[in-house]
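Let me begin by presenting the structure, written as structure tokens, before commenting on it.
Computed from a predicted model, the values in this text were never measured in an experiment.
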Amino acid sequence: MSIPIVNSIASWFLKKRFHQIDLFLKYPNEVQQELLLQLTNKAKDTEIGKQYGFESIKDYKTFVERVPISTYEEYQNNIERSRLGENNIFWPQPIKWFAKSSGTTNAKSKFIPVSEDSLEDCHYAASKDLLCMYLNNNENSQLFTGKSLRLGGSKELYRENGTSFGDLSAILIDNMPFWAEYSSTPSSKVSLMSNWEEKMQAIVDETIQENVTSLAGVPSWMLVLLNNVLETTGKNNLFDVWPNLEVYFHGGVSFLPYKEQYKNILPKKDFRYYEIYNASEGFFAIQDQNNSSELLLMLDYGIFYEFIPMDSYGTKNEKVIPLSEVEIDKNYAVIITTNAGLWRYKIGDTVRFTSIDPYRIKVSGRTKHHLNAFGEELIIENAEDALKKVCKRTKAEIVDYTAAPIFMQGKEKGAHEWLIEFKTPPADIDYFNELFDNALKALNSDYEAKRYNNMTLNKPTIHIARERLFYDWLKQNNKLGGQHKVPRLSNSRDYLDALLELNK
């Protein structure tokens, strides 16, 4: 099929889809309220639907009064029943797939239900929308002249009852339509290999023979793969391997710590980066503009949104609000109700709205992954903005990092302790630390107040990690690949102490 024909088909789909997108852009709250009633009506005869009287829910107010906020721990028993073959518990469709959550490094795995509705109307619909938005913004794109290099996780089969579990990316690859398989590389066979290190080399060997025009995957692991490509081929940059490469679609972790390293191996000013916000629980937002760090919240993927302002999160005054009540530049925990049967579910992410007409967001962190041992409320967004500024000043490059509190002992003040693995270390780590401390003060007034005259917090302590420390720790804990990562910020010292021990 020729490129003009492919682009014409894409253009036709784009116009059709943009009419639907325009609907939720103009009437976002009405679309969300209608969606909520569609979800409750569809699930009215499930166990949960009968328990909370979905049949008579006619508005958001009644929904809130009847259905409690939930966590994975409260869902776990029902999910295990579903994995053992029981149906109609929280969603009317049989659940065939479970996404093994790898958003944290906890030993305890989470298995998130993926229904046929969520697969088609959320995850696959989002993939199409992403391409549509990109093509709409880049009319001269040659995306379809080649293939997309996708980097996903591995998949295992829960054999006793025929249900499958694995990384969400593997479930998507395993179920993708033939046309998507044709336009992607590596092959499904290689993509679904379980041994991560063997798979990485197999991907390199297979993809360097292809005409790759786009990349898709988590920034940290994609960077490992791309450096392996350069090492194997002996080339200086990726355009020497794939001259028609034009865009990288990324998500899963913040791109900020990796941006300069990507620019080094992709040295073209017009190369595009497009961010997405998805998780095992659903696909939530898409970058809809070139050269933007804002993501458009997608309101018609079968997901109903609610939010908890982080200044009340976890307190007796905790308040849950609908989309219509959010404000710009406030930090919110995300609550979702989905077409896979998750009802008022805390996903553990935090977002900040940059616009409410339309609703655009930035992912600001995790509800559990922040530093607040001393009332400083330091979130990942603060840390990564500060590190980006300081790396630019000192010409340093970061591979990975984690931080935890140094707790007060006797008269000794507290502090933050950082372990950073550099690709290019700063010439003077003490100067780097001074700049970093000042950057955090400028970004976070609570941190600045606690640092004032060392009143509560002493200056941060920074350790330089040896090469491949974070990789070795993940390998040691059987967590290579996918979206596995060490939490960047933690109020517990468990991760930091284990890494410091391995760093000796």
Side-chain angles (χ1 to χ4, degrees), residues 3 130-131 133-135 137-151 183-186 200-201 203-276 287 289-295 384-401 420-427 432 467-468 470-471:
I3 296 308
L130 176 62
L131 291 175
M133 290 178 183
Y134 176 75
L135 292 172
N137 294 334
N138 301 278
E139 292 181 356
N140 296 321
S141 168
Q142 297 295 301
L143 200 65
F144 292 116
T145 61
K147 294 189 175 184
S148 173
L149 194 169
R150 64 194 182 198
L151 181 60
S183 63
S184 301
T185 188
M200 289 292 269
Q201 191 57 48
I203 292 174
V204 172
D205 294 341
E206 192 169 307
T207 58
I208 58 176
Q209 311 299 325
E210 298 282 2
N211 175 26
V212 173
T213 54
S214 67
L215 308 170
V218 176
S220 51
W221 295 114
M222 181 62 78
L223 191 60
V224 173
L225 173 66
L226 297 179
N227 282 325
N228 283 345
V229 167
L230 294 177
E231 186 177 336
T232 299
T233 59
K235 302 296 185 182
N236 293 320
N237 67 68
L238 292 170
F239 300 118
D240 291 337
V241 183
W242 301 306
N244 299 314
L245 190 60
E246 64 177 77
V247 61
Y248 172 31
F249 301 108
H250 62 87
V253 299
S254 171
F255 190 56
L256 273 180
Y258 307 101
K259 192 169 185 178
E260 292 306 313
Q261 294 179 63
Y262 273 91
K263 284 184 176 179
N264 289 338
I265 60 177
L266 292 161
K268 277 187 183 177
K269 288 185 178 179
D270 60 350
F271 185 79
R272 302 291 189 194
Y273 297 92
Y274 261 62
E275 185 174 356
I276 61 172
Q287 179 182 326
Q289 307 166 99
N290 283 340
N291 306 313
S292 172
S293 59
E294 300 178 7
L295 308 180
E384 299 198 330
D385 282 348
L387 286 169
K388 180 186 176 185
K389 290 176 182 176
V390 178
C391 282
K392 190 173 182 180
R393 286 276 300 273
T394 61
K395 295 181 168 48
E397 290 181 302
I398 289 174
V399 175
D400 215 334
Y401 71 89
I420 305 177
E421 181 181 339
F422 291 96
K423 182 182 180 184
T424 306
F432 181 95
E467 187 178 354
R468 287 173 59 95
F470 288 82
Y471 185 94

Problem - Positive for side-chain contact (heavy atoms from CB on, under 4.5 Å) with V247, one of L131, L143, N290 - result: L143
Problem - S141 backbone acceptor or donor facing E246 side chain under 3.5 Å - result: no
Exercise for the section: For the pair Y471 and E421, evaluate side chain to side chain contact (heavy atoms under 4.5 Å, CB included) and give the outcome as yes or no after the intermediate values. Expected result: CA-CA 10 Å; Y471 185 94; E421 181 181 339; over 6 Å; no
Completion exercise
So CG of L226 and CG of L266: to nearest 0.5 Å the spacing works out to 7.0 Å
Completion exercise
To the nearest 0.5 Å, atom CD of E260 lies from atom NZ of K423 at 11.0 Å
Practice task
State the OG1-CG distance between T207 and L215, to the nearest 0.5 angstrom.
Solution key: 9.5 Å
Practice task
Answer yes or no: is there a donor N or O on one side and an acceptor on the other, between the side chain of E275 and the main chain of E294, under 3.5 Å?
Solution key: no
Handout entry: Sidechain-backbone polar pair: S148 side chain, R150 backbone, donor-acceptor under 3.5 Å
Key = no
Problem - Partner residues of Y274 under the ring pair (Phe, Tyr, Trp, His ring centres under 6.0 Å) criterion, sequence neighbours left out - result: Y134
Fill in the blank from the handout: Residues at least two apart in sequence or cross-chain that pass side chain to side chain donor-acceptor pair (under 3.5 Å) with S293, listed by chain then number, are K362
Problem - Partners passing side-chain contact (heavy atoms from CB on, under 4.5 Å) against N244 (at least two apart in sequence or in another chain) - result: N211, T213
Practice task
Indicate yes or no: at least one non-hydrogen side-chain atom of K268 is less than 4.5 angstrom from one of N237.
Solution key: no
Handout entry: Straight-line distance of I398 CD1 to L256 CG, nearest 0.5 Å
Key = 10.5 Å
Exercise for the section: Apply the test side chain to side chain contact (heavy atoms under 4.5 Å, CB included) to residues L230 and N236: give CA-CA distance (whole Å), side-chain angles for both, the deciding distance (0.1 Å), then the verdict. Expected result: CA-CA 7 Å; L230 294 177; N236 293 320; over 6 Å; no
Problem - Set of ring pair (Phe, Tyr, Trp, His ring centres under 6.0 Å) partners for F239, sequence neighbours left out - result: F271
Problem - Spacing of N264 atom CG and Y258 atom OH [to the nearest 0.5 Å] - result: 15.0 Å
Problem - Heavy-atom side-chain proximity of V212 to L238 below 4.5 angstrom - result: no
Practice task
Measure the acute angle between the ring planes of F255 and Y262, then classify it against the limits of 30° and 60° as parallel, tilted or perpendicular.
Solution key: tilted
Exercise for the section: List the steps, then state whether side chain to side chain contact (heavy atoms under 4.5 Å, CB included) holds for V204 with E231. Expected result: CA-CA 10 Å; V204 172; E231 186 177 336; over 6 Å; no
Handout entry: Least distance between heavy atoms, I208 atom then W242 atom
Key = CA-NE1, 4.0 Å
Exercise for the section: If a pair satisfies salt bridge (charged side-chain N to carboxylate O under 4.0 Å, His left out) and one of its residues is in residues 205-229, list it, with sequence neighbours excluded. Expected result: K147-E210
Practice task
Just jot down the ring pair (Phe, Tyr, Trp, His ring centres under 6.0 Å) partners of F422, sequence neighbours excluded, or say none.
Solution key: F432
Problem - Nearest atoms (heavy-atom pairs only) where W221 meets M200 - result: O-CE, 3.8 Å
Handout entry: Nearest atoms (heavy-atom pairs only) where L149 meets M222
Key = O-CE, 4.0 Å
Practice task
Please report the C-alpha distance between I265 and V229 in whole Å, then the side-chain angles of each, then the deciding distance to 0.1 Å, and finally whether the side chain to side chain contact (heavy atoms under 4.5 Å, CB included) criterion is met.
Solution key: CA-CA 11 Å; I265 60 177; V229 167; over 6 Å; no
Exercise for the section: Can you measure from NZ (K259) to NE2 (H250) and round to the nearest 0.5 angstrom? Expected result: 8.0 Å
Fill in the blank from the handout: Nearest heavy-atom approach of N137 to Q289 is ND2-CA, 3.7 Å
